[in-house]
Amino acid sequence: SQQGEEDPQALSIQEGENATMNCSYKTSINNLQWYRQNSGRGLVHLILIRSNEREKHSGRLRVTLDTSKKSSSLLITASRAADTASYFCATVFGDTGRRALTFGSGTRLQVQP
Amino acid sequence: DGGITQSPKYLFRKEGQNVTLSCEQNLNHDAMYWYRQDPGQGLRLIYYSQIVNDFQKGDIAEGYSVSREKKESFPLTVTSAQKNPTAFYLCASSTQGPGFLNYGYTFGSGTRLTVV
């Protein structure tokens, strides 16, 4: 099952604009991770936020986590054409005992030069 | 360089055939995973293994089989029982040591399987 769901499914912006993607999940988590996938390629790990953290930064990326609302957001600032990719959230659920990531359906980001 | 290698990049399967996808890592990771991705979709977990000679079913294990005889290798066999195997298959690995929840996965570049 895919318990993480991204919103929007697709996003098109101009270079230099900020891009915000949201992820919602249904059960308690240990951590939440964001990955990037270029078309036809494997996924690349971007950033991990633990359940006791509220915000984390990495370069132009900013991730927030609201465990009360079971949601996370990924903000890419000053986007570039090279940021065009699909972005997925993924979680390890704390109450299932399964030690494997469950991925959301992804947001396809298109950055127009 | 450390990494995870999937082969082949493209694979064609005839109806009724079993095919095996290779996944090798030299990252010294204990855990390895297989995911399936259909066009425009997220990843679905097929099987995962936390340690040699042990593995667990994921959400869509039917029609697939795996083995974990070596730490470095986690091959996936798509059997004839898998009725709709055309998809992009991704292998990943991760550490399982102390603080494993603080680390992400390393993915291979994928194998695209097509039934002909």
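Not measured: the values here are computed from a predicted model.
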Quick check on the hydrophobic clustering: are [X] and [Y] connected, directly or via other members, by side-chain heavy-atom contacts under 4.5 Å?
X     : Y      : value
A:I13 : A:I76  : yes
B:I60 : B:L113 : yes
B:V52 : B:W34  : no
B:Y89 : B:L11  : yes
A:V63 : A:L11  : yes

Item checked: Interatomic spacing from OG1 in A:T102 to CG in B:L43 - rounded to 0.5 Å -> 10.5 Å
Note to self: Within this structure, what is the CZ-OH distance for the pair A:R99 and B:Y48, rounded to the nearest 0.5 Å?
What the structure shows: 8.5 Å
Notebook entry, point to check: Is any side-chain heavy atom of A:F88 closer than 4.5 Å to a side-chain heavy atom of B:Q37?
Noted result: yes
Just wondering, are more than 12 heavy atoms of other shown residues or ligands nearer than 6.0 Å to [atom1] in [X]?
X     : atom1 : answer
B:I51 : CD1   : no
B:E69 : CD    : no
A:E17 : CD    : yes

Next item on the list: Anything in residues 34-43 of chain A with a heavy-atom distance to chain B below 4.5 Å? Please list those residues in order.
Entry: A:Y35, A:Q37, A:G40, A:R41, A:G42, A:L43
Margin query: Quick check on the structure: residues of residues 46-62 of chain A within a heavy-atom distance below 4.5 Å of chain B, by number.
Written below: A:L48, A:R50
Notebook entry, point to check: With no hydrogens and no angle check, is any side-chain donor or acceptor of B:Y105 less than 3.5 Å from a backbone partner on A:L101?
Noted result: yes
